[in-house]
Amino acid sequence: MIIDRLFNEVEKKGNVCVGLDTHLDYIPVNLKEKYQDIDEVLFEFNKEIIDKTHDLVPVYKLQIAYYEAYGIKGLLGYKKTIEYLRSIKKITIGDIKRGDISSTAEMYAKAHFEGEFEVDFITLNPYLGFDTLTPFLKYIESGEKGVFVLLRTSNPGAKDIQYLKVSPKDEYLYYIIGDKLNEIGAKYRGSCGYSSIGAVVGGTHVEEAKEIRNRYKNMFFLIPGYGHQGATGKDVSLYLNNGNGGIINSSRGIITAYKNYEDGNQRFADYARKAVLEMKEDIDSERGV
Ligand SMILES: O=C(O)c1cc(=O)[nH]c(=O)n1[C@@H]1O[C@H](COP(=O)(O)O)[C@@H](O)[C@H]1O
């Protein structure tokens, strides 16, 4: 199952997920001048970073908005990047955060679990209801695919809706979502004990971290918020379980790290590697393995 593959990769390479949220402003001018088309610029930047980091990390996440924003050429850059990652056997997450009625969700599943944009995992937004997850289940059942469903996000506005207290137990809304995902996910557990239906839990809020980890023992977490949004190795480690059970995403903190150095424009991928190594060290010193 895909979740066993991810678990095993985390055992070997640690928890860092490189976020390829590639804004054109993040790309050094010298690289932009070298290529004519946006798809080439996006891909070549991503490829250099991938080539310098793939031995250190288990997984890459691409937030699709950064590619959609540049139209068809942008999406071509997305496609080329995921194809490259898959060709070198890296696990890919398409951060698409979709959620819609089931007939439409069926097409989202087809769009991102098959064809030109095929990835191993996608992110989903459950706020239209749990029936929106159904079209993805046949792919998860095949063992090849997995999802990370938004549970409690990293942004300050997470408190506006996700923290509303709801009946019958007067608990935060995100626990209602978590309990249901846990129930649906039980059918899709791999031999590692985790389900291919995972959850997104922002590392920026730590108050309930232990409770969330203990309540959802079989749920694998995608944990964003490290670095630019303020979460530290100590914060995100609270969501891990014996050093596994979660991957920690950093996007700007890795791909724009070069901007802090005088020779960064020429060596952006070296500085991405350095940022990954520092992040790994920070997490490894806290995760208790
Ligand atoms: O689903 C996500 O990945 C996600 C959920 C969340 O709660 N917060 C969050 O920041 N993200 C994504 O994680 C990435 C964070 O980027 P950086 O803040 O640059 O590391 C972006 O791609 C966000 O869209």
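Heavy-atom basis, side chains included; hydrogens, waters and symmetry copies ignored. Just follow the structure's listing: the first ligand is 1, and inside any ligand the first atom is 1.
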Report task. Name the closest protein heavy atom to atom 21 (C) of ligand 1, giving the residue it belongs to and the distance to 0.1 Å. Result ->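 Minimum-distance protein heavy atom for atom 21 (C) of ligand 1 reads Asp21 OD2, 3.2 Å.
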Query - Protein heavy-atom partner closest to atom 16 (O) of ligand 1 - residue, atom, separation in Å - result: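 The closest one turns out to be Ser251 OG, 3.3 Å.
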Short list, please: which atoms of ligand 1 are under 4.0 Å from a heavy atom of [X]?
X	answer
Val200	1 (O), 5 (C)
Asp95	1 (O), 2 (C), 3 (O), 12 (C), 22 (O), 24 (O)
Gln63	22 (O), 24 (O)
Thr153	7 (O)

**Report entry** Residue pair Ile93 / Ile122, side-chain heavy-atom distance below 4.5 Å
**Finding:**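 Counting from C-beta outward, Ile93 and Ile122 never come under 4.5 Å.
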**Report entry** hydrophobic_cluster_shared for Leu238 and Val200, side chain cutoff 4.5 Å
**Finding:**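 No, Val200 does not connect to Leu238 through the hydrophobic network.
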Return a yes/no value for [X]: is any of its N or O atoms, backbone included, closer than 3.5 angstrom to an N or O of ligand 1?
X	result
Ser154	yes
Ser250	no
Arg252	yes

Query raised in the report: Which heavy atom of Val236 sits nearest a heavy atom of Ile283, and at what distance?
Result: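 Where Val236 meets Ile283 most closely, the heavy atoms are CG2-CG1, 4.3 Å.
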Query raised in the report: Between Leu31 and Val41, what is the shortest heavy-atom contact and its length?
Result: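 Scanning both residues, the minimum pair turns out to be CD2-O, 4.1 Å.
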Determine whether any heavy atom of [X] lies closer than 4.0 Å to an atom of ligand 1.
X	result
Asn249	yes
Gly202	no
Lys61	yes

Query - Test log, rule ring pair (Phe, Tyr, Trp, His ring centres under 6.0 Å), inputs Phe45 and Phe268 - result: CA-CA 9 Å; Phe45 177 78; Phe268 67 90; 4.9 Å; yes
Requested in this report: Check whether NZ of the Lys or CZ of the Arg Arg267 lies under 6.0 Å from the centre of the six-membered ring of Tyr271 and within 45 degrees of that ring's axis.
Outcome: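 Yes, Arg267 sits over the ring of Tyr271.
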Report task. Using heavy-atom distances, let me know which of His205, Gln229, Lys97 sits nearest atom 2 (C) of ligand 1. Result ->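 Checking each option, the heavy atom nearest atom 2 (C) of ligand 1 is found in Lys97.
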Report task. May I ask which of Ala65, Pro224, Gly19 has a heavy atom nearer to atom 11 (N) of ligand 1 than the others do? Result ->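 Nearest heavy atom to atom 11 (N) of ligand 1 lies in Pro224.
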**Report entry** Heavy atoms of other groups near Leu164 CG, more than 12 under 6.0 Å
**Finding:**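 Yes, enclosed.
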Would you be so kind as to tabulate the donor-acceptor pairs closer than 3.5 Å made by side chains of residues 148-156, with sequence neighbours excluded?
from   : atom 1 : to     : atom 2 : distance (Å)
Arg152 : NH1    : Tyr163 : OH     : 3.4
Arg152 : NH1    : Glu208 : OE1    : 3.1
Arg152 : NH2    : Gly202 : O      : 2.7
Arg152 : NH2    : His205 : O      : 3.3
Arg152 : NH2    : Tyr239 : OH     : 2.8
Thr153 : OG1    : Asn155 : OD1    : 2.6
Thr153 : OG1    : Gln162 : OE1    : 3.3
Thr153 : OG1    : Gln162 : NE2    : 3.0
Ser154 : OG     : Gln229 : OE1    : 2.6

Report task. Return the orientation label for the Tyr172 and Tyr175 ring planes: parallel under 30°, perpendicular over 60°, tilted otherwise. Result ->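 Parallel, since the angle between the ring planes stays under 30°.
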